[in-house]
Every structure is written in C-alpha cells, then in structure tokens.
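Because the structure is predicted, anything quoted here is derived from the model rather than measured. Reckoned from all heavy atoms, side chains included, excluding hydrogens, waters and symmetry mates.
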Amino acid sequence: MCCLWLWEFQRAKCRNVQISQRPRGVPQMGEAGQEDPKEMESDGMGKFRNTYINEHAQIYVNPTQFYVSAVTCEMCGTKGTTETFFSRSKRFCSVSCSRSYSSNSKKSSIIARLQGRPPTRKSSHKLSLKSQTEASHSKVNEQHQESRAFGQDATLAGFDWGNYLEKSGLLAAPVSCFRHVPLCAQWDDIYVRLKVEVLNTHTALPSKVYWIATVVQLAGYMVLLRYEGFEDDDSHDLWCNLGTADVHPIGWCAVNSKLLVPPQEVHQHIKDWKSYLMERLVGAHTLPVDFHVKMADCLRCPFRQWVRVEVVDRSQVSRTRLAVVDTVVGGRLRLLYEDGGLGPSGEVLSDFWCHMQSPLLHPVGWSERVGHSIKETDASVNMSSHPAFRKVLQNGVPDQFKKLRIVYMGEKFFEEGMKLEAIDPLNLGNICVASVRKVLLDGYMMVGIDGVEIGDGSDWFCYHASSHAILPVGYCENNNIPLTLPPGYDHATFIWMKYLEETGTVAAPRRLFNTDDVGHGFTSGMKLEAVDLMEPRLVCVATVRRCVGRLLLLHFDGWEPEFDQWVDCQSPEIYPVGWCEITGYQLQPPIGPGKIIAVFIVFIYAVQNLVVTCCILLSCVEPPQVIAVKVKVEEMETPLLSSAQTKERDNPEPFTTFKQEDSV
C-alpha cells in the first residue's frame with residue numbers, strides 16, 4: 001500500500017508541483033527515414049578514386065580528398081569527407097548511425113512529456129529517457145570496439161574518490177575549470193541543494209527502487225547525496241558520479257514507471273510522507289532533464305580508428321613521426337607509429353598517448369608546411385598484421401585538430417639566439433634557461449636548454465609562440481620559482497643581465513609571451529586527475545601544489561615532489577575528479593604503504609652531464625606486477641665523461657645498474 005500511494009502521489013506531484021527551474025528540453029529533431037542498404041553499399045568504402053596499396057598491403061588515400069568537402073555525421077559527430085560517408089545525402093558515416101538517428105527522432109516527444117507538454121506526434125513506442133541515454137552511450141562506445149585492451153583494464157571501482165577526499169580534507173577542482181571536458185559550460189547548473197532521484201540502497205525490496213536525495217557537496221563529477229528524511233544525519237550519505245550513477249532529475253521515476261520508496265531507517269519516523277515531500281520539493285531545483293543525453297553527446301570524439309596523424313617522436317623529441325589512431329577513450333588517443341614494429345606475439349613496440357587537443361598532435365603535412373623535422377617512415381617495418389592497419393588509412397581532417405592562436409611573425413618576432421625561460425620537456429618540474437634555436441613558420445620555433453644540449457639539435461623541442469611552456473626572462477625570479485641554471489652557474493650569483501652580456505645575446509621581448517592570467521579558478525590543494533606527461537598513458541590522482549599565473553604545479557599523490565610537473569591551466573591533459581570513471585579510463589591510485597616494491601634502474605647516458613633515473617613500481621602480490629613507471633632527468637655538476645671521451649664514442653651506449661629497495 002505504501003508503494004501504491006507513493007506512486008499515485010508522484011504522478012500528482014509531476015502534474016501540480018512547480019519546480020522553479022523547469023527541466024530544459026532539447027530542440028525537436030527532424031524525422032529521418034530509413035536509408036536504403038543497397039544505396040549505402042554502392043557508396044561505401046572501395047569507391048575511392050585516388051587510392052594505392054603499398055608493399056605491406058596498407059591502403060592509403062590521396063590526402064587532398066580530405067581537405068575538401070569535409071562533412072560531420074549527424075548522429076555520432078565523426079568527421080570525414082563525402083567520399084567516406086554513406087548514402088547519397090552523406091549525412092551519416094555508417095548504416096548504424098543512420099538507423100540510430102531514425103530511432104532518436106522520437107526523443108522530442110519524450111522530452112515534451114517530461115516538460116508537461118503534449119507530444120508533437122503520436123508514437124507507439126514508450127521510450128524512456130534512460131534508454132535514450134543508454135543508446136547515446138552505446139553509440140559513443142561503438143568507436144572503441146576494436147583494439148581497446150587498455151580501456152578494458154579500467155579499474156572503475158578500484159579507487160574511492162569520496163573516501164579519499166574526506167580523509168584528506170581537501171576540495172576537488174570544479175568541472176567548470178576544465179574547458180575541454182563534458183558539460184563544462186553547463187556545470188553552473190549543478191550546485192549544492194539540488195534535488196535528484198537516486199537509487200535507494202537502504203531497502204530490503206528485491207527490485208530496484210528510488211528515493212529523493214539532496215546534493216550536499218560537489219567534487220568534480222562526484223556528488224555527496226543525502227536521502228530526504230535524514231535531515232542533519234550524515235551517517236547514510238553516499239558518493240555518486242553524476243555521469244555514471246543511477247541519478248536522475250525529479251519526475252524521472254514517474255515517466256519511467258519506477259517506484260519511490262523511502263529508506264527503512266526513516267520510514268517510521270515520518271507519518272505523512274505526502275505533506276513532507278510537498279514541503280521539501282516546492283521551490284526546489286533539479287537536474288536538467290537532458291543531462292545524461294548531453295553528457296553522452298559531449299563524449300563523442302571526432303577521431304576514430306585508422307586516422308593518420310603526425311605526432312612527436314617519443315624517442316627523439318625534436319622530430320615528428322607518422323602514426324595511426326588505434327584506440328579512443330574519452331578523447332584520449334592511443335597512436336601507433338607506422339614503423340613502430342610488432343613483437344613476437346603481435347604486440348605494438350612503440351606507441352604514444354595524448355589528448356585529441358594536444359599541441360603535440362598535427363595533421364599529415366604539418367611538418368613539411370612549417371619546416372619541422374619529420375622521421376621518414378621505415379618501409380621495411382611491416383605493420384599490416386595489426387588491426388589498426390588493416391583498413392583504409394585516412395588522413396585527419398584539419399578541423400579535428402586544436403586551433404592555436406594566430407600570431408604575427410613580423411620584424412619583432414622571436415629570432416634565433418634569443419634567450420628565454422622554458423619548461424624542460426625531459427623534466428617537466430624544471431624551468432630552465434633556454435634559447436631559441438630555430439624559427440619555423442606559423443608561429444612555431446625550436447627551443448634548446450642551455451648547457452645540456454647534445455649539439456646536433458636532437459634534444460630541441462618545438463613550441464608555439466602561444467605556448468605556456470615558454471616564459472620571458474625574469475619570470476621565475478618575479479614569481480619565486482627556482483630557475484634551473486646552465487652547468488657552472490650558481491643561484492647566488494646568477495644575474496640575467498650579466499648572463500646576456502657574457503653570451504652576447506638578447507632576451508626575447510616580453511610582449512611575445514602568453515602569460516596572461518585567465519582567471520582559471522584553481523587554487524592550491526585542489527584534487528584532480530592528471531596525465532603523467534613523462535608516461536602519458538597514465539592518468540593519476542594529483543593535487544594542485546601551486547598556482548602561478550596560468551601555470552599549475554601538479555603533485556602526483558604518493559610520489560616524491562621531484563616528480564612534480566608544470567602544466568597550463570587549460571591543458572587538455574588534466575581532468576576533474578571522476579573523469580576516468582565516466583570514460584572508462586584506468587586511474588592510477590596514490591601509492592600507499594606496504595603496497596609496492598620500488599626498483600630503481602639508473603641509465604647514465606655518456607654525453608654531457610645528464611642522468612636519467614627510471615623508477616619502476618612493482619606490486620607485492622604474486623606474481624609481481626608493474627604499477628607505474630617514473631622517469632627523472634638530473635644534471636650533474638661534473639660531466640660523467642669528458643668531452644674527449646665523448647668524441648671517441650660517436651654512439652655511446654648506456655649502461656645499467658640495479659638497486660632494490662625494501663617494501664615501503
């Protein structure tokens with residue numbers, strides 16, 4: 001009887017109770033007829049005019065085809081050209097997209113019912129909002145069906161963010177701080193005291209039932225909820241991820257024929273539930289009715305498998321290499337170098353992870369256009385047996401890549417030899433004395449770190465004039481940041497003006513740098529999820545240790561401060577708390593006592609005075625498993641080998657020493 005009258009009350013509530021923020025619908029979508037399969041077959045792959053097959057059975061398409069007539073799939077958002085899309089209308093990239101779009105045309109009538117308006121057309125299918133959301137998520141996941149070994153290993157429930165935040169007593173960075181993540185612009189609509197309908201975990205009923213809860217705390221995508229009826233009792237509060245949990249706007253249960261049942265602990269304390277809920281809900285706010293639909297839409301990625309790009313060569317940062325997209329997870333791309341090679345079991349020997357908006361990612365032809373060095377693909381390496389190389393390889397459309405700020409390269413632009421301060425690409429926790437070594441086109445330049453350069457330019461790094469990683473002379477001194485000096489110089493006596501006189505150089509004009517404070521909203525102590533840029537496949541639990549202008553110093557929880565990294569506040573490689581759970585990406589938890597055995601391997605490169613330390617973390621379980629890898633580059637006051645010894649060995653080989661520590 002209790003469930004029955006609650007159901008009747010809920011139906012009456014949806015008709016009579018006025019919520020001050022009305023649920024917002026989505027624009028009515030046009031009707032899409034079923035596409036003709038025969039028509040699609042005739043317009044499918046295999047109709048390319050300018051294709052060729054190399055000696056390893058890899059199929060390539062004339063890149064000029066993809067720089068004209070760029071189109072976007074109206075269902076999944078995938079970008080391509082009219083040559084690669086299906087049907088005469090070229091509205092969809094596949095048969096499944098066409099059918100899904102036709103099914104989704106019924107969404108407008110569902111939204112209309114949730115808003116209390118009559119549907120615009122009759123429909124014999126009662127499709128719930130949840131099913132629409134699941135359909136959207138399934139379509140997004142279709143792009144990740146193949147080669148998703150990394151994503152399948154995601155430990156979604158392996159780290160409890162809620163418990164970790166409560167123990168640390170720190171706050172999480174709000175979603176609105178991250179401009180590249182889903183629902184960033186709409187996150188102001190999510191705030192404390194919001195009312196939602198959430199799965200009731202405090203009931204003995206065999207079926208799933210729901211109850212009304214209030215948001216009492218926000219932490220990225222995570223929210224702390226309190227069931228109605230508990231008032232000031234926080235003993236039953238629960239943490240949920242708004243992007244994945246069974247959390248819905250008020251009225252969702254009524255539309256989807258779900259029961260609202262109060263928790264057992266408060267069922268006997270309140271006799272008149274109808275009056276209680278009426279009092280609590282009048283004037284309350286709830287989630288936007290299309291919250292989960294928009295979340296699924298924002299997770300769509302324009303990249304998919306078999307797209308060719310140019311990306312930095314992780315083995316030599318001064319050049320790029322051709323690579324193919326193998327896996328897409330939450331906008332992060334796993335790229336396989338075209339000549340990376342395969343192991344005995346078919347495993348890839350060389351890959352690279354980055355976000356689709358990363359400044360390290362470029363369309364094919366970028367290096368030639370700006371004058372950057374690119375590695376010639378080794379034709380003797382056969383990659384055709386890997387799934388990522390079995391289908392037609394398409395060059396990425398320029399619209400898929402991040403647009404950088406246009407800079408005027410006039411007479412007073414960066415010049416070769418100018419001095420500046422730059423984040424060391426091999427040790428991202430250091431800001432060093434650096435020089436402009438070569439000026440490229442389109443605002444790009446090659447930068448080298450003073451005093452540690454090898455001499456052949458192989459350790460130069462490409463930065464754009466708008467990059468956060470290059471800073472004007474004196475920036476570190478003005479902001480109390482330790483500046484890494486060239487060998488032979490001391491912090492107590494180093495003065496920039498004197499250094500410029502000794503080297504016969506000039507400082508790059510301050511106006512050329514992108515150091516404007518954008519009001520990012522980050523503060524010291526905020527928690528987030530961040531990519532370890534020295535091992536970019538890893539996303540780790542991190543803390544904002546320091547904010548300097550638009551620069552953030554990130555500390556990876558559980559690691560030593562020497563592994564901290566400087567990043568820009570708008571870097572696409574930082575994410576809100578809960579992002580990994582939403583996208584299915586594996587989150588690396590902090591290192592805890594008694595959980596690892598640290599094995600330090602020191603590679604001493606016999607050129608100049610560089611020491612690279614690689615720390616491999618192994619779990620204590622049997623058999624031991626690698627948890628993570630950290631790399632650190634240090635400078636020695638005295639070179640390990642003299643210049644004479646260096647000249648005698650044109651190709652010095654590193655040697656390795658091992659040291660095993662006890663469990664920590």
Problem - Heavy-atom neighbours of E502 CD exceed 12 at 6.0 Å - result: yes

Using atom types as modelled and distance alone, determine if a side-chain donor or acceptor of [X] lies under 3.5 Å from a backbone N or O of [Y].
{"X": "Y444", "Y": "G371", "answer": "no"}
{"X": "Q586", "Y": "V539", "answer": "no"}
{"X": "D459", "Y": "I454", "answer": "yes"}
{"X": "Q305", "Y": "D326", "answer": "yes"}
{"X": "N479", "Y": "I481", "answer": "no"}
{"X": "S358", "Y": "C354", "answer": "no"}
{"X": "D378", "Y": "S380", "answer": "yes"}
{"X": "Q565", "Y": "L533", "answer": "yes"}

Exercise for the section: Step by step, work out the side chain to side chain contact (heavy atoms under 4.5 Å, CB included) result for T583 and L299. Expected result: CA-CA 8 Å; T583 60; L299 287 172; 4.0 Å; yes

[X]-[Y] side chain donor-acceptor pair, cut-off 3.5 Å:
{"X": "E453", "Y": "W460", "answer": "yes"}
{"X": "E421", "Y": "W496", "answer": "yes"}
{"X": "Q588", "Y": "D532", "answer": "no"}

Spacing of [X] atom [atom1] and [Y] atom [atom2] [to the nearest 0.5 Å]:
{"X": "L361", "Y": "F352", "atom1": "CG", "atom2": "CZ", "answer": "9.0 Å"}
{"X": "R319", "Y": "F461", "atom1": "CZ", "atom2": "CZ", "answer": "14.0 Å"}
{"X": "N427", "Y": "C432", "atom1": "CG", "atom2": "SG", "answer": "7.5 Å"}
{"X": "E501", "Y": "K498", "atom1": "CD", "atom2": "NZ", "answer": "9.0 Å"}
{"X": "L360", "Y": "D313", "atom1": "CG", "atom2": "CG", "answer": "11.5 Å"}
{"X": "I574", "Y": "L528", "atom1": "CD1", "atom2": "CG", "answer": "6.0 Å"}

Handout entry: Residue pairs involving residues 339-348 (criterion salt bridge (charged side-chain N to carboxylate O under 4.0 Å, His left out); sequence neighbours excluded)
Key = R321-D339, D339-K375

So do the side chains of [X] and [Y] get within less than 4.5 Å of each other, counting heavy atoms only?
{"X": "R511", "Y": "P472", "value": "no"}
{"X": "H491", "Y": "L485", "value": "yes"}
{"X": "L335", "Y": "V309", "value": "yes"}
{"X": "H468", "Y": "I423", "value": "yes"}
{"X": "Y475", "Y": "L551", "value": "yes"}
{"X": "L420", "Y": "V433", "value": "no"}
{"X": "S385", "Y": "L342", "value": "yes"}
{"X": "E477", "Y": "L483", "value": "no"}

Of all residues at least two apart in sequence or in a different chain, which pass the side-chain contact (heavy atoms from CB on, under 4.5 Å) check with [X]?
{"X": "H372", "answer": "T320, W366, S367, V370, L440, M446, C462"}
{"X": "N480", "answer": "R546"}
{"X": "A465", "answer": "V407, F413, F414, M445"}
{"X": "S435", "answer": "K419, R437, D450"}

Practice task
Please confirm whether Y499 and Y489 have ring centers closer than 6.0 angstrom.
Solution key: yes

For [X], what residues pass the side chain to side chain donor-acceptor pair (under 3.5 Å) criterion, not counting sequence neighbours?
{"X": "H464", "value": "S466"}
{"X": "T523", "value": "none"}
{"X": "E573", "value": "R332, Y575"}
{"X": "Q316", "value": "S318"}

Exercise for the section: Over 60° means perpendicular and under 30° means parallel, so classify the ring planes of Y585 and W353, tilted if in between. Expected result: perpendicular

If you take all heavy atoms of [X] and [Y], which pair is closest and at what distance?
{"X": "L333", "Y": "C301", "result": "CD2-SG, 4.4 Å"}
{"X": "P590", "Y": "F159", "result": "CD-CE1, 3.4 Å"}
{"X": "V473", "Y": "A507", "result": "CG2-CB, 3.6 Å"}
{"X": "C540", "Y": "L587", "result": "C-CD1, 3.9 Å"}
{"X": "A542", "Y": "F556", "result": "CB-CD2, 4.2 Å"}
{"X": "C547", "Y": "L552", "result": "SG-CD2, 3.7 Å"}

Exercise for the section: Show your reasoning for whether side chain to side chain contact (heavy atoms under 4.5 Å, CB included) applies to V325 and W306. Expected result: CA-CA 6 Å; V325 176; W306 316 301; over 6 Å; no

Problem - Stepwise side chain to side chain contact (heavy atoms under 4.5 Å, CB included) test for V348 and Y337 - result: CA-CA 9 Å; V348 176; Y337 294 117; over 6 Å; no

Problem - salt bridge (Lys or Arg N to Asp or Glu O under 4.0 Å) partners for R545, two or more places apart - result: D564

Problem - Partners meeting salt bridge (Lys or Arg N to Asp or Glu O under 4.0 Å) with R369 (sequence neighbours left out) - result: D442

Practice task
List the steps and the verdict of side chain to side chain contact (heavy atoms under 4.5 Å, CB included) for Q400 and M356.
Solution key: CA-CA 8 Å; Q400 295 175 300; M356 62 181 179; over 6 Å; no

Practice task
Using a strict 4.0 Å threshold on nitrogen-to-oxygen distance, state whether D351 and R537 make a salt bridge.
Solution key: no

Practice task
Could you list the residues that satisfy ring pair (Phe, Tyr, Trp, His ring centres under 6.0 Å) with F522, not counting sequence neighbours?
Solution key: F178, H520

